[in-house]
Amino acid sequence: MPPALSLSSRSLRTADSPISYFIQKAIETPGLISLAAGLVDESAFPSAEIAQVVAEMMANPATAKAALQYGSTQGLPALRARVLDRVCTADGVKPSDINLTLGDVVLTTGSQQMLYLLGEVLIEPGDIVLAEAPSYFVYHDCLKSHGAKVIGVPMDDGGMCLKSLEKELIRLELAGELKKVKLIYTVDYFQNPTGLTLARDRRPKLVELAKRFSKHHRILILEDAAYRELRYDGDDITSIKRFDTTNEYVIYTTTFSKPCSPGLKTGYSLLPNDLVAPVCNLKGNHDFGSSNLAQHILNRLLETGAFDRHLVRLREVYRSKRDAMLTAIATEFASCPGVRWNVPAGGLYVWMTFPSGTPTGKGSPLVEAAVSEGVLYIPGNLGHVPNEQGKVPDHEIRLSFGVAEPSEIAEGVRRLRRAYAELETSKRGARESVLT
Ligand SMILES: Cc1ncc(COP(=O)(O)O)c(C=O)c1O
């Protein structure tokens, strides 16, 4: 045996993602319908558009050289200009109205890289991040690597409850811990995992709260708008960033993975100006620039209008998948007391709540019954951080309508209903045996 490795404390704080167990189950079980993974629809990829863009680019020596050479750490200026314009147009402002310039835009290897980099730039072990409860669990793991403590803020139909956030900030201040609060993290459009959206009137108030409690240093809001462009009902709502008119308090980050292709793995962010250099300096250590070819492809897709035409089609595809899932859930679970679900206006997820006392996590009777019926979901407890008593809600699940076809979605929900019926039968049996 060789001597043991001497791993860094960061490495020791980083465990395998709990989702690996579910991916393994999916691989091991033939015929399983996965409503678990947050992957995107494969039949709707813009492959013809990308093929055309790449062929055109490679046919011209000048554009081929530009795309195949290294790019810059901050990212392709032409694409940065387009995404800046895109976000500002969606928000009905000019960049200068909210003190933004091209220099505040950074392109990354997916928005995940920006989430990670922000941890490296801002977090010391023991620092605090306030996040919706539940929240995007992959980011929790990332924050854990950085040694951050995540504190969950309850949500209601309007997303993060600002009264609860304010109460928590006051509590932290009284406990002398406000100094440790670095970020308020929100997935504010069709949240992963609940599908909820932060209400319009809460957006400016959130910025005000961050300002009010920025007593020791700036507390930044991390607005993760990954699903903003996947809206199926109603009109877009203004970003939180729109209300940060001095460009000081809000980091806006989003991605081309969901509305286009995760294979291009390109994210973009609008940063407060004084955060750009620290982020790019560290990004330089990571990769001194994300895929230049992917950035050139995306730039051309935006320039030619192919991206927006694709988005119109993609929304249709997801709208019908979402409707297939909601119809199946309403049909199958209508008569189940205490079972509730959210109706998302966009995104990729439906969140279901079962009566308390119905554990849904790894090893629970429901997950086992679901796998033997042939369907997989993500347990809700993965999105929660333990409270003071070390407890997390464990009677919720996340279902994704991203990958499966509408007929598979409906079949997957029927299987879930059968799994739940097995549980109801065994609970009834247990009650009757207690009574007899
Ligand atoms: C809320 C949220 N943020 C960020 C990401 C990261 O996406 P990517 O790195 O592919 O841009 C995801 C991916 O699922 C997500 O759900």
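Below, each value reflects all heavy atoms present in this structure, side chains not excepted, and no hydrogens, waters or symmetry copies. Note that this is a predicted model, so its numbers are computed, not measured. All residue numbers refer to positions in the sequence shown, counting from 1.
Remark: Asp233 engages Arg322 in a salt bridge, criterion side-chain N to carboxylate O under 4.0 Å. A salt bridge between Glu173 and Lys215 is present, with a side-chain N of the basic residue lying under 4.0 Å from a carboxylate O of the acidic one. The residues Lys94 and Asp85 are annotated as not salt-bridged, no charged nitrogen and carboxylate oxygen being separated by less than 4.0 angstrom. Residues Asp41 and Arg313 are not paired through a salt bridge, judged by the lack of any N-O separation under 4.0 Å between the basic side chain and the carboxylate. Residues Lys180 and Glu177 are paired through a salt bridge, judged by an N-O separation under 4.0 Å between the basic side chain and the carboxylate.
Distance CG/Leu399 to CD1/Ile329: 5.5 Å, rounded to 0.5 Å. Rounding to the nearest 0.5 Å gives a distance of 7.5 Å between CD of Glu223 and OG1 of Thr186. Atom-to-atom distance recorded for Asp156:CG and Cys161:SG is 4.0 Å, nearest 0.5 angstrom. Taking CG of Leu117 as the reference point, atom NE2 of His286 lies at 4.5 Å (rounded to 0.5 Å). Atom OG of Ser261 sits about 5.5 Å away from atom CD1 of Ile50, to the nearest 0.5 Å. The CG atom of Asp224 sits 6.0 Å away from atom CG of Leu222, with the distance rounded to the nearest 0.5 Å.
A cation-pi arrangement is absent between Arg231 and Phe190, since the terminal nitrogen or guanidinium carbon is not both under 6.0 Å from the aromatic centre and inside a 45° cone about the axis. Remark: Arg212 is not positioned above the aromatic ring of Tyr249, lacking an NZ or CZ atom under 6.0 angstrom from the ring centre and at most 45 degrees off the axis.
Ile221 places none of its side-chain heavy atoms less than 4.5 Å from the side chain of Ile251. No side-chain heavy atom of Leu183 sits less than 4.5 Å from a side-chain heavy atom of Ile128. Side chains of Asn381 and Pro393 form no contact here, defined as non-hydrogen atoms less than 4.5 Å apart. Looking at Leu220 and Pro272, their side chains come closer than 4.5 Å, going by heavy atoms from C-beta outward. Within the 4.5 Å cutoff, no side-chain heavy atoms of Val339 are placed close to those of Thr353. Considering only heavy atoms from C-beta on, Pro278 stays 4.5 Å or farther from Leu282 through its side chain. Using a 4.5 Å heavy-atom cutoff, the side chains of Val350 and Leu35 are not in contact. Between Leu298 and Cys260 there is a side-chain heavy-atom pair separated by less than 4.5 Å.
For an aromatic pair to be called close, the ring centres must be under 6.0 Å apart, and Tyr268 with Phe256 satisfies this. Residues Tyr349 and Tyr227 place their aromatic rings such that the two centres sit under 6.0 Å apart. Aromatic pair His146/Tyr116: ring centres closer than 6.0 Å.
Using a distance-only test at 3.5 Å, with no hydrogens or angles considered, no donor-acceptor pair links the side chain of Arg417 to the main chain of Phe333. The backbone N or O of Leu122 lies less than 3.5 Å from a partner atom in the side chain of Lys182, making a donor-acceptor pair. The backbone N or O of Ser145 lies less than 3.5 Å from no partner atom in the side chain of Thr14, so there is not a single donor-acceptor pair. In this structure, Lys321 contributes its side chain and Glu405 its backbone to no donor-acceptor pair below 3.5 Å. Judged purely by atom type and a 3.5 angstrom limit, Ser239 uses its side chain to pair as donor or acceptor with the backbone of Arg242. Proximity of a side-chain donor or acceptor of Thr358 to a complementary backbone N or O of Phe354 within less than 3.5 Å is not detected. For Thr304 (side chain) and Arg300 (main-chain N/O), a donor-acceptor pair under 3.5 Å exists by modelled atom type. Panel note: side chain Arg319, backbone Tyr232; a donor-acceptor pair is recorded below 3.5 Å. Side chain of Tyr136 to main chain of Gln191: no donor-acceptor pair is present (N/O by atom type, distance under 3.5 Å, no hydrogens or angles). Judged purely by atom type and a 3.5 angstrom limit, Ser290 uses its side chain to pair as donor or acceptor with the backbone of Thr109.
Annotation: Lys211, atom NZ; neighbour count of heavy atoms from other residues, nucleotides and ligands within 6.0 Å is above 12. Other residues, nucleotides and ligands place more than 12 heavy atoms under 6.0 Å from the CZ atom of Arg10. Heavy atoms of other residues, nucleotides or ligands lying less than 6.0 angstrom from CG of Asp201 number more than 12.
Contact record, Asp157 with Leu196: O-CD2, 3.8 Å, taken as the closest heavy-atom pair. In terms of heavy-atom proximity, Ile409 sits nearest to Ala404 at CD1-O, 3.6 Å. In terms of heavy atoms, Leu107 sits closest to Lys283 at O-CE, 3.2 Å. Considering all non-hydrogen atoms of both residues, Ser111 and Thr253 come closest at CB-OG1, 3.6 Å. Contact detail for Pro262 and Phe45: the closest heavy-atom pair is CD-CE2, 3.9 Å.
Counted by atom type alone, Ser72 and Gln74 present zero donor-acceptor pairs between their side chains at under 3.5 Å. Under 3.5 Å, the side chains of Asn247 and Lys241 contain a donor-acceptor pair of N or O atoms. The closest side-chain donor-acceptor pair between Tyr377 and Glu396, if any, does not fall under 3.5 angstrom.
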For Ile98 and Thr246, what are the C-alpha separation, side-chain angles and deciding distance, and is it a side chain to side chain contact (heavy atoms under 4.5 Å, CB included)? CA-CA 6 Å; Ile98 51 173; Thr246 51; over 6 Å; no

For Asp188 and Arg203, what are the C-alpha separation, side-chain angles and deciding distance, and is it a salt bridge (Lys or Arg N to Asp or Glu O under 4.0 Å)? CA-CA 9 Å; Asp188 57 332; Arg203 293 169 178 255; 2.9 Å; yes

Stepwise salt bridge (Lys or Arg N to Asp or Glu O under 4.0 Å) check, Glu229 with Arg86: CA-CA 11 Å; Glu229 294 195 297; Arg86 196 169 178 83; 2.9 Å; yes

Glu422 vs Glu373, test: side chain to side chain contact (heavy atoms under 4.5 Å, CB included). Steps then yes/no. CA-CA 10 Å; Glu422 286 169 33; Glu373 286 292 342; 2.5 Å; yes

Checking side chain to side chain contact (heavy atoms under 4.5 Å, CB included) for the pair Leu275/Leu118: CA distance, chi angles, key distance, verdict? CA-CA 9 Å; Leu275 198 55; Leu118 290 168; 3.9 Å; yes

Kindly determine whether Asn99 and Glu248 satisfy side-chain hydrogen bond (donor to acceptor under 3.5 Å, both in side chains), including the steps that lead there. CA-CA 9 Å; Asn99 204 23; Glu248 287 170 324; over 6 Å; no

Could you please spell out the steps behind the salt bridge (Lys or Arg N to Asp or Glu O under 4.0 Å) verdict for Arg415 and Glu411? CA-CA 6 Å; Arg415 292 179 185 184; Glu411 174 57 19; 3.0 Å; yes

Would you check, one step at a time, whether the test side chain to side chain contact (heavy atoms under 4.5 Å, CB included) holds for Val187 with Glu132? CA-CA 8 Å; Val187 182; Glu132 287 140 351; 4.2 Å; yes

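Taking the six-membered ring for Trp and thresholds of 30 and 60 degrees, Tyr318 and Phe401 have ring planes more than 60 degrees apart, a perpendicular arrangement.
Paired with Arg228 under the rule side chain to side chain donor-acceptor pair (under 3.5 Å), one option of Thr255, Thr254, Asp236 passes, and it is Asp236.
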